[in-house]
Amino acid sequence: MELNFDEVGKGQPLVLIHGFPLDRTLWHPQLAGLSDVARVIAVDLRGFGKSPEASGTVVTMEQHARDIKEMLDGLGIAEAVVCGLSMGGYVALAIAELFPEMLNGIILCNTRAVADGEAAQRMREITALKSLDGGIPELVPGMVEKLLSTRTLQSVPQLSRFVSNMLLEQPATAWATSSRGMAVRPDRTALLGKLHVPALVVTGSEDALMPPAESEAMATHIPHAELVVIPRVGHLSNLEAPDAFNGAVHEFLEHVN
Ligand code: MLT
């Protein structure tokens, strides 16, 4: 599987992994704002954006991790800082587990290490079936409301439209296969204690999908983690507050090299 990606800058490779059901364009403020300090690579996960369509019924977080490893091998990159937002964070943790030698540092944004409960797993299947049944346009408005903070929704309508369009553009097969993949991801809390690379945990104070308390808990489990909570920002912290987000990553990268 040859993943599609955008790449800018030189130096420390920084792999940016988007959330669900998004694509690499989520990271445009980071491609613009971090290329002076890193070789920034924003990837489309299997099925999303311009990467090849996902086949089968499930794409696990481990499969996404293997796809990224293959992409980095193809680029001749042996070590990288891996940065994932939400589902991208689940993939980053899968990379940490499967390919620890590849990790120079990890940035976990608006994400969690715990697995889904039964109710969440049932909701994932409903989302999968509904999206395959042509229901994406119905799912999108409710999702956008949860992805962005109240302030962003009310005062930055162009951002809401940008996110809404991104969701609408993703194929139903990507929605379904990764939804099911998230449902079967394991609890990786125990892995957090074994992360002996520099780690940055970033979230937004108004994240309605992953409350900041979850990020705080995650950071306490990681031996060398720094926690940054960006005020008045929701689930898409990198997009809603690009300056604060890029500033935190900038500072973090200084400790990595
Ligand atoms: C995401 O933004 O990737 C999703 O909210 C993650 C999830 O549904 O668990």
Side-chain angles (χ1 to χ4, degrees), residues 15-27 30 42-49 51 54 58-65 68 82-95 107-131 136 139-149 152-153 159-160 162-171 174-189 201-204 206-215 217-218 230 233-240 245:
V15 181
L16 305 175
I17 312 171
H18 61 78
F20 173 91
L22 305 164
D23 65 22
R24 74 193 185 293
T25 62
L26 169 75
W27 299 108
Q30 284 63 53
V43 62
D44 278 332
L45 292 174
R46 179 184 287 238
F48 295 90
S51 278
V58 185
V59 177
T60 60
M61 301 302 104
E62 293 73 28
Q63 180 63 62
H64 284 311
I68 289 176
V82 174
C83 168
L85 183 135
S86 201
M87 178 177 77
Y90 309 156
V91 176
L93 288 174
I95 291 173
I107 308 177
L108 297 167
C109 321
N110 304 77
T111 192
R112 52 165 69 106
V114 294
D116 279 1
E118 275 177 34
Q121 287 178 325
R122 275 196 298 275
M123 282 310 297
R124 303 277 195 206
E125 187 55 24
I126 291 169
T127 301
L129 294 175
K130 191 158 182 164
S131 51
I136 290 175
L139 290 167
V140 166
M143 280 183 107
V144 172
E145 274 183 28
K146 288 190 196 132
L147 289 169
L148 300 169
S149 71
T152 304
L153 287 166
L159 208 56
S160 310
F162 175 71
V163 172
S164 175
N165 288 338
M166 205 191 314
L167 265 63
L168 288 167
E169 276 164 18
Q170 306 313 315
W175 281 68
T177 52
S178 279
S179 193
R180 290 175 174 141
M182 288 191 285
V184 296
R185 74 187 193 281
D187 184 333
R188 290 205 155 94
T189 307
V201 177
V202 185
T203 194
E206 284 185 36
D207 188 335
L209 286 170
M210 316 249 174
E214 292 207 58
S215 292
M218 202 167 54
I230 307 176
V233 160
H235 192 58
L236 302 185
S237 57
N238 70 302
L239 197 58
E240 296 185 67
F245 185 95

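None of these values were measured; they are calculated from a predicted model. Remember, it's 1-based here, ligands and their atoms both numbered in the order they're listed.
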Those residues with a heavy-atom separation under 4.0 Å from ligand 1 are Gly19, Phe20, Ser86, Met87, Tyr90, Arg124, Met182, Leu209, Met210, His235
- Task: Please check if the side chain of Arg185 supplies one atom and the backbone of Met182 the other of a donor-acceptor pair under 3.5 Å.
- Result: yes
Give a yes or no answer on whether the side chain of Ser131 reaches the backbone of Ile136 with a donor-acceptor pair at less than 3.5 Å. no
Notebook entry, point to check: Is there a donor-acceptor contact under 3.5 Å from the side chain of Glu240 to the main chain of Thr152?
Noted result: no
Tightest non-hydrogen contact, residues Ser86 and His235, listed as OG-NE2, 2.8 Å
Would you check if the side chain of Asp44 reaches a backbone N or O of Arg24 as a donor-acceptor pair within less than 3.5 Å? yes
- [ ] Determine the interplanar angle of the Trp27 and Phe245 rings, folded into 0 to 90°, and report it as parallel if under 30°, tilted if 30 to 60°, perpendicular if over 60°.
- [x] tilted
